[in-house]
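Working notes, beginning with the structure itself.
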Protein chains: 2
Amino acid sequence: MTFMRIGEKPEIARLPLFRDMDDAMRERVLSGSFLQVFPPQLTLFEIGQRADFLHVLVDGLVELYAAGDVRDTTMRIVEPVTSYILAAVINDMPYLMSARTLASSRILLVPAALMREVIKRDTALMQATMHELALGYRDMVRALTDMKLRQSAERLGHYLLEHSARHGGKQEFELSGEKRVLASLLGMTPENLSRAFGTLKAHGVAARGAKIRIEDRTALSAFSRPDPVPPDQR
Amino acid sequence: MTFMRIGEKPEIARLPLFRDMDDAMRERVLSGSFLQVFPPQLTLFEIGQRADFLHVLVDGLVELYAAGDVRDTTMRIVEPVTSYILAAVINDMPYLMSARTLASSRILLVPAALMREVIKRDTALMQATMHELALGYRDMVRALTDMKLRQSAERLGHYLLEHSARHGGKQEFELSGEKRVLASLLGMTPENLSRAFGTLKAHGVAARGAKIRIEDRTALSAFSRPDPVPPDQR
DNA sequence: TCTCCCATTTGATCTTGATCAACAAGGCGC
DNA sequence: GCGCCTTGTTGATCAAGATCAAATGGGAGA
């Protein structure tokens, strides 16, 4: 649990959330926050807790998941550099999801009360927060329709296309995180994820371990029926 | 298509979204908007369109739905008095859902550009918008976990408990809208919704047509496994 | 009041994905 | 290098929900 005051974090300042705000205000936020390193597989917070920090994943990998009585389900896999659980912080409400690190991670912890206070003073930050929440809302709308309208292999195909697009559109890339987590994110069992990869072989996807190659983007796209509305520009 | 300038709409002014803003600014928003009456089953807007108006349902019933190639799915049933599609308006992005009236409805149409302009000028409105979006985001998180973790009869049970709570906690109430729409909202077929009502008979729910009576709230709650986090206060 | 129409319900069967079981394949410590 | 433990894959069966088909029933209009 190494604590350290923040020095210069240009990547954080470049985040859409903090980009447009007043420099002095940003400095105030950052100097009131700490950058902390967490080992893999560590629970960062639990569902139901009062939101005490806004998190910004600087480096590593974090899983957000919700718990039922019987089993958990992965809601989101957070890659750097991204903030998360903004909604709970804004409204000073309990987390709806738990979080754990999937890899050793560097996370900026912004005290929720500080965040709320600065938001009230800095209009640019408030506007950025508003935009961020609207984008998050739209992501969730897409995730829900995905779950309701597509079947499992289609969901996987869709995920691979999006994931590839988010990482520079390369046709070859590596999955982030374990397949079991991906399966849970996509709302299926690990067994069925395997079978879904099998199905996608016939639709332009070559997979060996975590290495994925999209050999026929058109075919995959046709199979997984992309959203009618293109992804939001961020 | 009856257009009318708005006169006094205290219920709209009382909405969380508009409640705290400057009176003159609110007047500006309202006088730039129209209150319009729509017949039932009319499409209000289609997925993919640029968001041109923020909607506030004053009276009636509206369905928001997303379309796949094969079938549609209901995303939300909007009851008065509530605003909707705020996220698309804020970010000036295309709608992710289509909307249709389920009953004859009176809807306040606020031009999106006007809304965005006033938000920039009125901090209280911006803050209210931010809160609203955060709540909407949390609703979607709940909806997604609901879909991923509960099976169909449990989803129905959960819906009935929430619906009852939202309508003053009465143990007897009427469903809003047709059952086919409810089925789609809950991510099942109308046939299975019928069967789900059958299942719930053994868990404290009496249904005759659209009239529902929750005879044993404890049993129903135990069966449908409520969220670990209680519903957000609005 | 009587029909007709359409939403809903009920029943039978089919499909998808979950579960259970066993096996393969790496990666890591000793 | 060797075994061991975790992760992923494959196969067989099971359960939930979808689909197809047909019957019921309630309400609006004649």
Side-chain angles (χ1 to χ4, degrees), chain A residues 39-41 61 63 68-74 77 102-104 146-159 174-202 205-212 223-225, chain B residues 39-41 61 63 68-74 77 102-104 146-159 174-202 205-212 223-225:
Chain A
Q41 300 302 329
L61 202 61
E63 175 193 11
D69 297 349
V70 190
R71 63 167 171 281
D72 295 353
T73 190
T74 305
I77 297 174
L102 295 178
S104 174
D146 190 50
M147 196 59 57
K148 288 177 82 176
L149 291 176
R150 272 188 269 259
Q151 45 190 49
S152 57
E154 296 171 345
R155 288 202 296 277
L156 175 58
H158 188 247
Y159 174 86
E174 213 152 317
L175 296 175
S176 40
E178 302 178 359
K179 287 208 178 145
R180 47 170 54 217
V181 178
L182 177 58
S184 177
L185 177 70
L186 295 175
M188 60 182 104
T189 57
E191 292 94 322
N192 273 323
L193 179 61
S194 266
R195 291 187 250 268
F197 271 114
T199 304
L200 290 191
K201 264 189 227 154
V205 175
R208 216 179 55 257
K211 284 204 206 315
I212 309 293
F223 173 77
S224 42
R225 299 190 272 117
Chain B
Q41 299 301 329
L61 202 61
E63 176 194 9
D69 297 350
V70 189
R71 63 170 170 281
D72 294 354
T73 190
T74 304
I77 297 174
L102 295 178
S104 174
D146 190 49
M147 196 61 56
K148 288 177 83 176
L149 291 176
R150 272 187 270 260
Q151 46 190 51
S152 58
E154 296 170 344
R155 288 202 295 277
L156 175 58
H158 188 247
Y159 174 85
E174 214 152 317
L175 295 174
S176 41
E178 302 177 359
K179 288 208 178 143
R180 47 171 51 217
V181 178
L182 178 57
S184 176
L185 177 69
L186 296 176
M188 62 182 104
T189 57
E191 292 94 323
N192 274 324
L193 178 62
S194 268
R195 292 186 250 266
F197 271 113
T199 304
L200 291 192
K201 263 189 229 154
V205 175
R208 216 178 55 257
K211 284 204 206 316
I212 309 295
F223 173 77
S224 41
R225 298 190 273 118

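Letters go in sequence order (proteins before strands), and every chain restarts at 1.
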- With a 4.5 Å limit on heavy-atom distance, are the side chains of B:Glu174 and B:Ile212 in contact?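 The answer is no, as the side chains (C-beta and beyond) never meet within the 4.5 Å cut-off.
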Protein-nucleotide distance ([X], atom [atom1]; [N], atom [atom2]), rounded to Å:
| X | N | atom1 | atom2 | result |
| --- | --- | --- | --- | --- |
| A:Gln151 | C:dT16 | CD | P | 6 Å |
| B:Glu174 | D:dG26 | CD | P | 15 Å |
| A:Glu154 | C:dT15 | CD | P | 16 Å |
| B:Met147 | D:dG17 | CE | P | 11 Å |
| A:Arg155 | C:dT16 | CZ | P | 13 Å |
| A:Leu156 | C:dT16 | CG | C1' | 16 Å |
| B:Leu149 | C:dG17 | CG | P | 17 Å |

- Message: Using side chain to side chain donor-acceptor pair (under 3.5 Å), reason through B:Glu154 and B:Ser224 one step at a time and then give a plain yes or no.
- Response: CA-CA 4 Å; B:Glu154 296 170 344; B:Ser224 41; over 6 Å; no
- Query: Within the side chain of A:Lys148, is there an N or O that forms a donor-acceptor pair under 3.5 Å with the backbone of B:Ser184?
  - Reply: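 At least one qualifying donor-acceptor pair exists.
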- Is a side-chain N or O of B:Arg150 found less than 3.5 angstrom from the main chain of B:Arg155, in a donor-acceptor match?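 Looks like no, no N/O pair under 3.5 Å.
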- Task: Working to the nearest 0.5 Å, report the span between CD1 of B:Ile77 and CG of B:Leu185.
- Result: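 Output value for this atom pair is 5.0 Å.
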- Query: How does each nucleotide of nucleotides 4-10 of chain D score, in 5' to 3' order, for protein heavy atoms under 4.0 Å: base (B), sugar-phosphate only (S), or none (-)?
  - Reply: ---SSBB
- Verify the contact: side-chain N or O of A:Thr189 to OP1 or OP2 of C:dG17, cut-off strictly under 4.0 Å; return yes or no.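 Answer no for this pair, as no side-chain N or O of A:Thr189 is under 4.0 Å from OP1 or OP2.
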- Item | Short side-chain N/O contact to C:dG17 OP1/OP2 from A:Ser152, under 4.0 Å | yes
- Query: Run the side-chain contact (heavy atoms from CB on, under 4.5 Å) check on B:Ser152 and B:Leu186 step by step: do they pass?
  - Reply: CA-CA 7 Å; B:Ser152 58; B:Leu186 296 176; over 6 Å; no
